[in-house]
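Input: a single structure, listed below in structure tokens.
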Amino acid sequence: METTPAIRLRGVTKRFPGTTEDAVSGLDLDVDEGSIVVLIGPSGCGKTTTLRMINRLIEPTSGRIEIQGEDVAERPVTELRRDIGYVIQQVGLFPHRTIEANIATVPRTLGWDKTRIRARVEDLVEVVGIDHEMLSRYPDELSGGQQQRVGVARALAADPPVLLMDEPFGAVDPIVRGRLQDELLELQARVHKTIVLVTHDLDEAIKIADKIVLLNVGGVVEQYASPDELLREPASDFVESFVGDDRSMRRLTLATVGDLPYEQGPVVPIDTPPPDARAVLADQRSEWLGVTDGEAFLGWVQGSEVEDGVRLDDLHRFLPAAQVEPSSTLRNAMEVIMNSRTSVAVINDDGRFCGVVTLERIRAGLEGDLSAAAEPVG
Amino acid sequence: MAAATWVPPAVHWLAQAAVPRDITLGEWFTDPATWTGGSGILDSLADTLVLVIAVIVVSVLLAVPTAALLAHLRKAELGSAWVVNIGRAIPTFAIAGLLVPVSLRAGYGFEPWPIFLALILLTVPPMYLSTYTAVKQVDPAAVNAARAMGFTEREVLLTVELPLALTVIFTGVRVASVQVVATEPIRAFLGGDGLGRYVRDGIGQNNPTLVLGGTILIAILAGITAVTFVAIEWLAKPPGVRRLSGRRSDRTMAVRKQMVGT
Amino acid sequence: MFLATRAANPLLRWSYFVEQWDRIAEAIFQHVQLTLLAVGFGFVISAGLAFAGMRYRWTVTPITLFAAFLYTIPSVAFFGVLVAYFGLGLVTALIPLTAFTILILVTNILDGFSAVPAAVREAADGMGLTPTQRLFTVEVPIAVPYIINGLRIATVTTVGLVTVAAIVGYGGLGGLILDGLRRAFWTPLTIGASLSILLALLFDLLFFALGAWLTPWARRRQKS
């Protein structure tokens with residue numbers, strides 16, 4: 001049985017008065033519950049307009065929008081909006097109210113009692129990562145990143161099932177932005193909201209989306225797919241040119257080293273007899289031989305120095321410069337490999353040797369579907 | 001005239017030639033005697049103009065250079081705000097009135113010091129404020145560029161800051177000047193004459209025609225003052241600045257609001 | 001010939017002050033009353049005009065021009081014309097006084113509401129606040145400092161103009177000033193003038209304090 005999508009758009013059209021073209025034309029979209037859907041596209045594609053039609057800040061000219069099966073047009077608009085969290089780029093915190101009062105706005109309007117509100121606010125500041133003592137401060141005493149976190153807290157205050165975000169991280173610097181994106185993903189892992197987010201930053205979309213809606217001018221859906229699928233199989237020339245020439249590189253950020261199948265590589269225990277060691281070298285066609293002692297990786301020895309009669313332990317070892325962790329993205333791994341003399345990176349999980357990564361292995365990994373990969377990190 | 005200055009107002013009023021109460025406005029204006037003669041319009045106009053021009057000139061000389069210099073040096077901002085506030089708060093009529101006995105005691109008579117000083121107090125704060133704000137808000141990029149090119153501080157002020165601030169300064173001077181013309185008529189109630197005398201006499205004699213005539217004269221003068229200033233502003237600006245003033249920046253609007261709301 | 005000895009006509013004869021206290025108190029009362037009435041009516045009218053200006057954007061310029069025109073009418077002329085045709089009285093004095101407050105108040109009220117950042121309005125709407133809720137819980141508080149500033153300027157200006165209103169017989173402390181001038185008797189003049197100056201400064205201080213009290217967030221900003 002099909003589950004009702006959390007948000008459903010059918011034939012949604014918007015034409016602004018005085019214009020000749022539709023800003024959004026006959027848009028159909030299903031957003032699954034608990035997923036993060038990112039709307040992205042060039043200017044004029046109607047992504048922000050679409051977002052704002054969901055909470056009726058803009059009324060559609062025609063079409064139907066449903067949230068959890070209910071037509072949004074049927075509900076009184078202010079009631080609807082109290083059930084939807086809304087976060088915008090400039091945040092819009094009320095400058096004349098403390099942080100605590102800002103966050104408590106919707107619960108207060110809904111008539112929650114004070115204790116419940118207080119508890120909820122305390123909860124939220126923890127969840128979004130704001131220092132408790134900020135609660136009694138005023139918005140302009142906070143930095144941009146902190147204000148944005150408060151904005152998210154405020155949106156979540158009444159625990160709405162749906163969260164709408166309009167370029168929420170656009171106004172902060174790249175470092176803070178990256179952190180906020182990570183925090184959003186952690187947050188989502190805890191609260192499982194249905195999130196629709198608008199951005200113009202493709203990297204952001206790829207990083208956080210469960211699915212991306214790539215819109216063309218006029219609200220035309222060019223592709224609606226997971227980030228990996230969008231990059232792997234662009235549905236049209238438009239999509240292909242939008243995602244750019246480096247889509248393979250971008251895809252590499254979607255999977256980690258740990259997702260690849262285990263490969264031992266040209267690595268043997270230190271007490272291996274030289275003939276066996278040479279056999280491994282030949283088999284792997286490698287100039288370098290890695291040696292381990294139990295779980296620890298000791299280093300690389302030059303294949304040419306492996307001789308019968310000479311213990312591997314006595315050979316000069318080079319320490320591995322190219323090392324990655326299981327949680328490193330394939331992109332990181334590739335970077336590391338590029339910078340090393342070998343084309344192999346050692347996977348080091350807290351001192352334990354976990355195999356190797358080669359360029360070939362990475363390339364092979366791209367052939368698969370990376371959507372099913374674990375949560376991408378950084 | 002010298003003797004008249006220390007004759008108390010009551011006697012002064014009685015000495016006026018009474019205007020018949022039932023003539024119409026048109027008749028009053030077209031009667032030549034109205035214009036010439038002891039209490040004629042021309043004389044009153046001259047009185048008013050002399051005072052007004054003196055006040056404007058002195059106020060400009062006091063307010064503009066000081067404000068420009070302090071703004072350039074970025075000093076005394078709080079002090080300025082305070083001064084402007086006090087000046088704005090004090091009722092002109094009251095301070096002028098207070099100065100009358102002082103002036104009489106000192107032998108200067110009813111005129112011109114009380115009204116003159118009171119009007120200066122009225123006019124200097126807004127001129128000061130608009131000049132200060134104007135100079136302070138000149139595009140810092142232009143100022144820094146000038147400094148970087150080796151201009152002395154004096155050159156920066158005179159050749160960069162002042163020309164760019166000129167539009168707003170002129171607006172401030174204009175608004176303040178129109179205010180002087182509008183406030184000057186209270187002089188007639190302080191033992192003086194000027195165009196306000198007709199309103200004074202008209203009220204005293206219960207003569208609406210006279211009051212209306214005086215009102216029209218005062219209003220016309222205020223209008224002419226405003227227009228004259230606009231013309232001077234236009235002509236006196238360097239061509240480069242004239243081009244700029246077509247576009248009203250947010251800063252200009254903000255300063256204008258400050259002045260009018262002042 | 002009028003020569004007054006310093007003793008007979010001091011700047012301030014204290015006995016007069018005490019004897020005439022009733023009259024002085026009445027003048028103070030009338031002055032305050034006129035000021036508050038003028039600013040009160042002016043505020044109501046200005047608030048109405050400001051709302052019209054916010055609702056119908058195109059009216060802002062005509063309203064501002066009209067208010068500016070009212071403001072530049074010389075006070076003496078305005079009072080004079082009204083008294084000539086309507087006689088002495090409270091209303092005659094009140095009309096120009098009210099008219100002079102309008103420019104100041106309308107400008108400041110409009111400024112106040114335009115100081116509300118668009119993002120704040122949008123966030124308020126997005127959160128499901130009704131337009132009325134948004135107005136009173138978000139926009140008005142943010143606009144308050146500007147409104148208070150406008151009230152401050154308007155009130156102080158009006159105190160000064162009320163002194164001039166004495167020429168139409170309703171001038172509170174201005175009446176004392178004028179009386180003193182007419183009779184060349186300095187004591188009422190000094191009393192009237194000083195008290196009106198004090199009154200103006202007092203109102204100024206009052207509104208300044210009120211503004212500071214109502215805007216804790218601005219104070220914080222200055223501290224940090």
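Since we're looking at a predicted model, the values are computed, not measured. Proteins come first, then strands; the chains are lettered A, B, ... in the order of their sequence lines, and each starts at number 1.
Using a 4.5 Å heavy-atom cutoff, the side chains of C:Leu181 and B:Phe93 are in contact. B:Phe189 places none of its side-chain heavy atoms less than 4.5 Å from the side chain of C:Ile177. At least one side-chain heavy atom of B:Arg88 sits under 4.5 Å from a side-chain heavy atom of C:Ile153. Residues C:Leu189 and B:Pro101 have side chains in contact (heavy-atom distance under 4.5 Å, counting atoms from C-beta outward).
Within the model, atoms CH2 of C:Trp186 and CG of B:Leu104 stand 5.0 Å from one another, a figure rounded to the nearest 0.5 Å.
Partners of C:Asp179 by salt bridge (Lys or Arg N to Asp or Glu O under 4.0 Å), not counting sequence neighbours, listed by chain and number: C:Arg23, C:Arg183.
Contacts from residues 192-201 of chain C to chain B, taken as heavy-atom pairs separated by less than 4.5 Å, involve C:Ala193, C:Ser194, C:Ser196, C:Ile197, C:Ala200, C:Leu201 in sequence order.
Residue contact with chain C, scored on non-hydrogen atoms closer than 4.5 Å, involves the side chain of B:Ile203 exclusively.
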Do any side-chain atoms of residues 31-52 of chain C form donor-acceptor pairs under 3.5 angstrom with protein atoms, and if so which ones, sequence neighbours left out?
residue	atom	partner	partner atom	Å
C:His31	ND1	C:Leu173	N	3.0
C:His31	NE2	C:Val159	O	3.0
C:Thr35	OG1	C:His31	O	2.7
C:Ser46	OG	C:Gly42	O	2.6

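Counting heavy-atom pairs under 4.5 Å between each of C:Thr163, C:Leu105, C:Val83 and chain B puts C:Thr163 at the top. Taking chain B as the reference chain and counting heavy-atom pairs below 4.5 Å, the highest number among C:Ile167, C:Val162, C:Leu178 is found for C:Ile167.
Residues C:Val81 and B:Val211 approach most closely at N-CG1, 3.5 Å, considering heavy atoms. The nearest pair of heavy atoms linking C:Thr72 to B:Ala182 is O-CB, 4.1 Å.
Other residues, nucleotides and ligands contribute only 12 or fewer heavy atoms inside 6.0 Å of the OH atom of C:Tyr146.
Within the structure, side-chain hydrogen bond (donor to acceptor under 3.5 Å, both in side chains) contacts touching residues 198-212 of chain C (residues at least two apart or in different chains) are B:Asn85-C:Asp204, C:Arg152-C:Asp204.
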